[in-house]
Structures are given as structure tokens and as C-alpha cells.
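Notes follow once the structure below has been shown.
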Amino acid sequence: MKRSTILLTAFVFMVGTFSSAPVSYAAGIDDFLNHNHSNEVSEADVAEEQQETGNTEDQSSTVENTSLKKDTSWFDYDNPKKSYKITTAAELMGLASLVNENQVESWKPSRLENFEGVTFILMNDIKLAEKWTPIGTGTASYFAGTFDGNGHTVSGITINSNVGYAGFFGYLKGQVKNLTVQGKIVSGDGSCGGIAGQLDSEARIINCTSDIDITAKDKTGGIAGFNKGGVIESSINIGNISGTYKVGGIVGENWGGEITMCGNKGKISSSQRGVATYGTGGVAGRSVSADAKVTESFNIGTIISNTEATGGVVGYTNAAGSEIISCYNNGEIIIKGNQKEVIQSWVGGVVGIVGCKGIKIHSCYASKGATGADITGGVVGRYINDPNDSSENLIHKNYYVSDYYHEGIGQVEDKAKLNEAVLSVSSGALNKMANSLGAGYINDTSGRYGNSGYPVLEWQSPVTDEERSYMTTIPKEIQKEFDEYLINTASDVKTGSFVISFLDPDSYISNAVSQYHQDHMEEDN
């Protein structure tokens, strides 16, 4: 059994044993370990919204729609409010109708509502039973308000469309936050994503999760299809994403936008080659223009690509000034085309093709390999530069596991000038390199973050119980040592909730288990 699994199991088991409960994190430990941003709005915000709307009931159940009827009765054209609460699927469908359609009743104004400056708060989980029409269809019909999921989930999202932007939102100019979406999208068009099909430059997606399986064409991503200058922050994709080209775990194409503190866990697939600027990436298929940024983000999903530029983080990038900083890939890359294609395939553990000089790539690493490509590099597959390029000042402190790649940059005019920009390390050495990678990383030697022991980003949360594979039993010696440690370090006990001070939990767990194995190896000998 893998050592990381043993460590994870031991850590969870010890807490469950100490609290006389099933295997789970004690509340105090969970609070200490959870580095992610909260999904909840503040009590002050909720109180303000309750006062504004006059609704103080706490609704936490899941509501399912049973008909196609759209409820727009909550919206008064003569007395619009600054905030609304969405409690039913019919009201949610009504919101889409107000944004997308002129209302048929003769007494209603003939106009579309974009709700700029208006906040919508989702008050409970909603399960849709009918096909979903995305909120916003384009530049003439878009959502410009704030949609606060309030930590809730909209599930049962089903979209089957031949044309148009596809996602929970179609065209977004506003802000979506604290929302989880679940479902399936099949589109015969491009610009397709779980949260939004396309983001305008004013748009923001913050603290959202997409668990939507998507099949579409170009510019297809787990969170957004096409990001035209907007921001995607603190968001995770766990759905499987399939497109033709410009396909990414978070965004298909990031045109001058910002992707920060995001992660992909779903499988990514692309099917088509074309010109040498197509791309498939764990985070972004393409990240282009001088303002494009991909920072503090990761991919652990498998990438199956047939585009010419495939990267563990970004497939293709160009334009001096764009950035890929503090990102990592721990997902396998598989090129499914053959080497007789007219256009070659380049794979980089971090970036497939860097299309020009002047691009910043630093503090990134790749810990998984690639198969089937014509040219591979541990960090960059192809770097289009010239012999006078001084990009070693811009591309630096990047690492790759030497077991998987022969060199850090697969194809470049002058490799000598970039010798220090990409460095090979052993898998064992990479496990402890958070300090070398720089601010924003922490080591995961105990494996509780589910990254095979490799460094993770500070904002990441430990993996959940559902994401773990547990041992059915663990040695009583380890259980006893952990229990004694918990007893000795517990600083407060209140109603069965333990507040525990860990100076260095990774180090403690690793040392404890290592000592156990060492003692038993000596006994066996």
C-alpha cells in the first residue's frame, strides 16, 4: 500500500478513535486544516438581505421543480429592489426569463433585465427536473448583477443545444460566487462552461465548484468556456470536459483574463488539431494577450489531447507580459493522435507551447509524465524564441520530475541560455521543495491533501472523506501513539469538540509512521 494512503488513514483514524466516533475529522482539527475560503455569506450580509426582503426564514431543504412554469411574480417593475432571494426552481427559471425574454403580458414593459447592481441570494439547494436555459444569451441579453449561491447547489442542470453560449449562465457581465452546479451539458457550439459560457471583462466567478460533464466544441472549460478579460478565482472543476480544441479544466480560452487559486480534478479531452496555436491545458487551453494571468492554480486530472499544444497547466500562451506563476500539474498527459499528423504535437509538463519571448513562467512544477507526443519537455514543450532572447530572467524556478522527461524544454532555439530556468529533480526531492518553489506553497509529506505527497498551494483544503481510500484496519501501535499525542496536546475540551494545537502535523505524522515501520523492520531482521 502506498505510504501516502497509510499516512492519510492513520491521521483520520486517530481523530476518530480519540473522539469515540466514526472515522472523521474532529471539529477542531477540521477548522485548523481548512485553508479554503468560506462558502457562506457573513451574518451581517444575511441580516441585511433579510431586512431588505422581509424574509427571515431559514430554508435549507432541496427544492425540485415539477413543471415548466416560470415564476416572475417576485419582480415588480414599478418597485424594483436591490436584493432578492431565490427559493424555488420556478423563481430561478423566472430570473432566466427576465434576462433572456421580453415578457408576454401586455402590461409589462418590453425590455430585458440585466439586473446591474442587484444581488440574488440562493436560500436552499435546488434540483432542476427540466432542461435548463442559460441565463444570458449574448451581448444584448446578459446578467450584470450578483448571484450569491450562499453555499448551496443547483443540481440537475441539463443543456442540449446546437448554438449559443452554454452554461448555468450563458453570457455573464456580473458576479457569481459561493455556488456549486451539477449536471450535464452537450453543445454543438463553442464557448461552453459549467458556471458560464462566456465572461465579459467585468465578470467575476468567485468560490464556485462545477460538477458538470461537458461535451462541446472549441473554447470549452470546466468553469467558463471563454474568459474575455474577466476574473475566475478560488474555483474548482470536478466534471469531465470534452471539446475539439481550446479546452481547459477551468477555462477553454483565457483572453486577457485572470485565473487565480483554481484547480481542476476532472478528465480533460480534446479531439482536433488545426493551426499551431490551438491548445489543451489542465487549467487553461489557451491563455493569450499581455494581460492574461494564471496564478496559484493546479491540475490533477488526466489530460487526453489531440491538439498540437498540450500543457499540464496551460496548452498555449503568447504575448509579452502574460504570466503563469505558482502553478503545478500532477495529472497524466496522453496524446491520442499519431505521429503522422500534418502538425506535430508538443507537450509540456506545465506549458505546451510558449508562443513568444517576454512571458513570465516561474515557481511551477510538473510531477506526472506524458506519452504519445512528438516533442515533450518537463516544463515547456516548445519555446518560440530567438538566440538573443533574455527570458531566463522571466522563466525561472520551475521544476520537473526527471523520471518522466529527458529535458525541461523540448524545443527551443538556445537551450543554454535557459539551463537554470527549468530544473530536473527526483520525485523524492520534489516532495520537500515547498520552500524552493517559493511563497504560496506548503509541503504535503503526510499526503492529507491528496497530491501524492508533492507540494500543494497554501489555499488548498485537505481532501474530504469521500476522496480518500481508507485501510480497513491500522496497527494498534500507531493508533495508541496518536491517541497519546492527542491527549497530551489537547488544549481545550468542550462538548466533545477538541481544539488541538499542532506545531507541525505533517512532520509529526510522517515521523510517527516512519518510526513504526523502522521498528518493525528491525524486528523482522
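Given the structure is predicted, the values throughout are model-derived calculations rather than measurements.
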Take N330 and N299 through the side chain to side chain contact (heavy atoms under 4.5 Å, CB included) test and state the conclusion after the steps. CA-CA 6 Å; N330 192 21; N299 171 64; over 6 Å; no

Crowding at NZ, K267 (>12 non-hydrogen neighbours, <6.0 Å): no

Heavy-atom donor-acceptor pair, S287 side chain to A284 backbone, under 3.5 Å: no

N207 versus E233: any side-chain heavy-atom pair under 4.5 Å? no

Would you say N398's side chain and Y365's backbone share a donor-acceptor pair under 3.5 angstrom? no

So, S269 versus S242: side-chain donor-acceptor pair below 3.5 Å or not? no

Any donor-acceptor pair under 3.5 Å linking the side chain of Y405 with the backbone of K368? yes

Rounded to the nearest 0.5 Å, how far apart are CD1 of I232 and CD1 of I250? 7.0 Å

Closest non-hydrogen atom pair between S326 and A439, with its separation: OG-O, 4.1 Å

Looking only at side-chain N and O atoms, does E296 offer a donor or acceptor that is under 3.5 Å from a partner on W459? no

Student check: side-chain heavy atoms of I223 and V251 closer than 4.5 Å: no

Using only atom types and a distance under 3.5 Å, with no angle test, would you say the side chain of Y441 pairs donor to acceptor with the backbone of S363? yes

Given side chains that start at C-beta, do those of I241 and V247 come closer than 4.5 Å, heavy atoms only? yes

Under 3.5 Å, is there a donor-acceptor pair linking the side chains of N178 and N150? no

Return the orientation label for the H362 and H396 ring planes: parallel under 30°, perpendicular over 60°, tilted otherwise. parallel

Less than 4.5 Å apart, side chain to side chain, heavy atoms only: is that true for I268 and T302? no

Distance, nearest 0.5 Å, that separates CG of N451 from CD1 of I300: 6.5 Å

Is there a side chain to side chain contact (heavy atoms under 4.5 Å, CB included) between V288 and W255 once you walk through the steps? CA-CA 5 Å; V288 293; W255 189 286; 3.3 Å; yes

Using a 4.5 Å cut-off on heavy atoms from C-beta on, say whether the side chain of R204 contacts that of K177. no

Tightest non-hydrogen contact, residues A319 and S322, listed as O-OG, 3.0 Å

Mark yes or no for whether S235, through its side chain, and C208, through its backbone, hold a donor-acceptor pair below 3.5 Å. yes

L172 and I205, any side-chain heavy atoms less than 4.5 Å apart: yes

If we ignore hydrogens and angles and just use 3.5 Å, is the side chain of T146 paired with the main-chain N or O of T119 as donor and acceptor? no

Taking L122 as the fixed residue, which of T153, D148, L179 is the one that meets the side chain to side chain contact (heavy atoms under 4.5 Å, CB included) rule? L179

Within the 4.5 Å heavy-atom criterion, are I121 and F147 side-chain neighbours or not? no

Under 3.5 Å, is there a donor-acceptor pair linking the side chains of T260 and T295? yes

Compare every heavy atom of I359 with every heavy atom of L394, then report the nearest pair and how far apart it is. CB-O, 3.6 Å

Decide side chain to side chain contact (heavy atoms under 4.5 Å, CB included) for I361 and I325; before the verdict, give the C-alpha distance in whole Å, the side-chain angles of both, and the deciding distance to 0.1 Å. CA-CA 6 Å; I361 304 173; I325 298 173; over 6 Å; no

How many angstroms lie between CG in L437 and SG in C327, if you round to the nearest 0.5 Å? 11.5 Å

Might you point out which heavy atoms bring E258 and N227 nearest each other, and give the distance in Å? N-ND2, 3.8 Å

Main-chain N/O of R273 paired with Y278 side-chain donor or acceptor, under 3.5 Å: no

Drop me the distance from W346's CH2 to Y316's OH, to the nearest 0.5 angstrom. 11.0 Å

Starting from the C-alpha separation in whole Å, work towards a yes-or-no answer on side chain to side chain contact (heavy atoms under 4.5 Å, CB included) for N443 and N431. CA-CA 7 Å; N443 285 321; N431 284 342; over 6 Å; no

Looking at V313, is its backbone amide N or carbonyl O close enough to the side chain of Y328 to form a donor-acceptor pair, meaning the two atoms are under 3.5 Å apart? no

So, do T209 and V181 sit near enough that their side-chain heavy atoms are less than 4.5 Å apart? no

Is a side-chain donor-acceptor pair under 3.5 Å present for T280 with S270? yes

Can you tell me how far apart CD1 (I195) and CD1 (I206) are? Round to the nearest 0.5 Å. 12.0 Å

Looking at K219 and G243, would you say the former's side chain and the latter's main chain have a donor-acceptor pair under 3.5 Å? no

Atom of Y449, atom of I442 and distance for their closest heavy-atom approach: OH-CD1, 3.8 Å

Between S345 and D374, a side-chain donor and acceptor under 3.5 Å: yes

Before accepting this row, confirm whether a basic side-chain N of the pair E253/R286 lies closer than 4.0 Å to the acidic partner's carboxylate O. yes

Determine yes or no for a side-chain-to-main-chain donor-acceptor pair under 3.5 angstrom, with D200 supplying the side chain and A203 the backbone. no

About how many Å separate CG of N264 and OG of S210, when rounded to the nearest 0.5 Å? 10.0 Å

So which heavy atom on T244 is nearest to which on T307, and how close? O-CG2, 3.8 Å

